[in-house]
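Comments concern the structure below.
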Number of protein chains: 2
Amino acid sequence: MTLSPLHPPSPGGARTGIPTGIPAGMPSGRLLAPSRRAVPTAIGRAPISGSETLKSVATALDVLECFALDDELGVSDIARRLGIAKSTAHRLLSTLCSRGLTEKNPDTGQYRLGLHLYELGQLAQSRLKLRQTALPLLEDLRRVSGLSVHLGVIDGADIVYAERLETPAGRQLLAGVSRRWPSHCTSSGKAIAAFNAELAQARRDIGFPPRTTGTIRSVADYDLALAETRRLGVGIGHGEAVAGISSVAAPVRDLSGRAYASISVVGPSSALIGDLDRTARLVRTVAGHIAHRLSA
Amino acid sequence: MTLSPLHPPSPGGARTGIPTGIPAGMPSGRLLAPSRRAVPTAIGRAPISGSETLKSVATALDVLECFALDDELGVSDIARRLGIAKSTAHRLLSTLCSRGLTEKNPDTGQYRLGLHLYELGQLAQSRLKLRQTALPLLEDLRRVSGLSVHLGVIDGADIVYAERLETPAGRQLLAGVSRRWPSHCTSSGKAIAAFNAELAQARRDIGFPPRTTGTIRSVADYDLALAETRRLGVGIGHGEAVAGISSVAAPVRDLSGRAYASISVVGPSSALIGDLDRTARLVRTVAGHIAHRLSA
DNA sequence: GTCCACTGTCCCGCTCAGTGGGACACATGC
DNA sequence: GCATGTGTCCCACTGAGCGGGACAGTGGAC
């Protein structure tokens, strides 16, 4: 878990995560594969370190992850997925509901994520210094480019979009598109990994799960793409995450040159191919401005 | 916790929350007063029912609430606030960090809310059927009115904004403004409470904490304001939550006439007073359309 | 109508997981 | 220098959380 880049400036600062014994690449798959416990067949992942976690709390958080794939789940569903007793699942859900992190649908009797979780999430987002600084510039970029704009940050071997400013068209295009992506299948991931050896290595270690026919699948192709990204100064993605959607991303780098975030524009492939050069220049410029403000 | 209105259509459906023994008005103060346990002097609130909650999970969630008021907190801070041992706080934080709900700032050694919490919150928001349905109409409203637009929903005796579409000016105006407000000091709260006796009563039971000099402070004034809201068909707020900010809200009502959400436009008082009538009509119309779509 | 298989909720007794106290190294300030 | 703070780690005790099982209610197949 690479933490510091989200709250710059911390150029060249220590990048150590907390010593929980969890491998650096772990978070990948969160919200994609809902929880480690739920996926006992997970590909080569170490089990959660037993030393630093509270079992019941960890299980409660596993319950939340279960909702990554399904809107609503019943007590038995969750008990089955997590391999716990039905009574335990019921107890966990009741506790989560009492704080509004989950809700019970009175019509179906099923449970779902709750309003208070959204509230806490908004709070977390509003605290991101990177986002606070970048927001006005991202607005400008959306206006000038006429495209949806993403602010990407690192989490493990993935990219998470900490902000997404939509255009009316982009809102439809991206509706339901995840906030988290493996870093090899997005322009943002390439832009950051090209200037961040740690992220690149974390991704190599975990591998290259395909999303579309165009997704990078081998270390060789990956390294080639990163080299090209370094040459251009921007990462480019054509339908490697979602077919038909392209994007251009520029890294936000600290004084040492290391990338810790990215900004990108996203749109239908047809719209982006036209004046790729102009778009690339635009995105690079804005990323530079953000980096400058954060270093001050 | 009034759950069903967030995922309409459920006109006239049962509105019972889960039977956790927690009084209906409880959630009020969440994110304002971080946690019940943290506020042993809380005014007449029943303690958390011991029967349905897992203690360690509940404490872990209390930890999250602690961050409502402060960006960053240390282990000792949290232990002191929650009245738990330092080692316990440390264990809880480690567990939360291992799942990304909190993060440790390597520079300060303090803890803060984590990126994954934001991710989960986005997921919760994207699942709200009310929001999904309303979004395109809210966009229209923003464009036509040129003002920031809020989608308000009920939680306990409070209003939570489940969506907030900003204008460039509104973004500055509302930066850092909470997502949760007691229902007596916002136009949204008035719009819903005027057509929702349960919310109105929950607010009367809890009381009327003042936010500005203009905030309603008595039951008499409150009932007067609700009557006026019923007469106009919209709720109006002039600097009752934040000085200098006004808003106009219309209720979204189910087939039985009961309000379960609101849409509102927000701006500097000076900008709204001008053509209040036109704005009110506009907001009412859009709210009607949303209600219609949700009843279908 | 009667099965059956499934649900969510609740109760209870066993035991292990979570608790607080305390030790420790380190940092800050008088 | 000492005093007081911090975060992290260890350990022994015990009560909190676990699973098993009972129960009522539901929905579908027949």
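We use all heavy atoms of the structure for the numbers below, so side chains are in, but hydrogens, waters and symmetry mates are not. Proteins get letters first, then strands, A, B, ... in listed order; numbering begins at 1 in each.
Annotation: side chain of Arg99(A) is in contact with side chain of Asp62(B) (closest heavy-atom distance under 4.5 Å).
Residue Tyr111(A) has a polar side-chain atom (N or O) positioned under 4.0 Å from OP1 or OP2 of dT9(C). Residue Arg91(A) has a polar side-chain atom (N or O) positioned under 4.0 Å from OP1 or OP2 of dC18(D). Phosphate proximity of dT9(C) to His90(A): present, with a side-chain N or O under 4.0 Å from OP1 or OP2. Between Arg80(B) and dT6(D), a side-chain N or O to OP1/OP2 separation shorter than 4.0 Å is present.
If you measure from atom CD of Gln110(A) to atom C1' of dC6(C), you get 12 Å, rounded to the nearest angstrom. What separates CG of Asp77(B) from C1' of dG5(D) is a distance of 11 Å, to the nearest Å. At whole-Å resolution of the value, CG in Leu54(B) and P in dT19(C) are 11 Å apart. One interatomic measurement links the two molecules: NZ of Lys55(A) to C1' of dT19(C), which rounds to 16 Å at whole-angstrom precision. One can place CD1 of Ile84(B) at 12 Å from P of dG21(C), the figure rounded to the nearest angstrom. In this structure, Leu93(B) atom CG and dG7(D) atom C1' are separated by 11 Å, rounded to whole Å. Computed from coordinates, the Ile78(A) CD1 to dT7(C) P distance equals 12 Å when rounded to whole Å. Regarding Leu73(B), its CG atom lies at a distance of 10 Å from the P atom of dG7(D), rounded to whole Å.
The only member of Thr95(A), Thr88(A), Ile78(A) that meets side chain to side chain contact (heavy atoms under 4.5 Å, CB included) when paired with Val63(A) is Ile78(A).
Applying the side chain to side chain contact (heavy atoms under 4.5 Å, CB included) criterion to Arg80(B), with sequence neighbours excluded, gives Ser76(B), Asp77(B).
Residues Asn105(B) and Glu72(B) approach most closely at ND2-OE2, 2.8 Å, considering heavy atoms. Pairing each heavy atom of Ala259(A) with each of Pro251(A), the nearest pair is CB-CB, 3.9 Å. Across every non-hydrogen atom of Arg253(A) and Tyr260(A), the tightest pair is C-CE2, 3.7 Å.
Map Val57(A) and Gly109(A) each onto its nearest nucleotide of DNA chain C; the residue landing nearer the 5' end is Gly109(A). Both Lys86(A) and Ser56(A) lie close to DNA chain D; mapped to their nearest nucleotides by heavy-atom distance, the more 5′-ward contact belongs to Ser56(A).
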Tell me, with the steps shown, if Leu96(B) and Leu61(A) meet side-chain contact (heavy atoms from CB on, under 4.5 Å). CA-CA 8 Å; Leu96(B) 290 170; Leu61(A) 303 184; 4.2 Å; yes
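One end of the helix from dG1(C)-dC30(D) to dG29(C)-dC2(D) points its axis 50° away from the other end's axis, with each axis taken from 5 pairs and the angle rounded to 10°.
A donor-acceptor contact under 3.5 Å is formed by the side chain of Ser87(B) with the base of dG21(C).
Ranking dC18(D), dG8(C), dT8(D) by closeness to the Thr88(A) side chain, first place goes to dC18(D).
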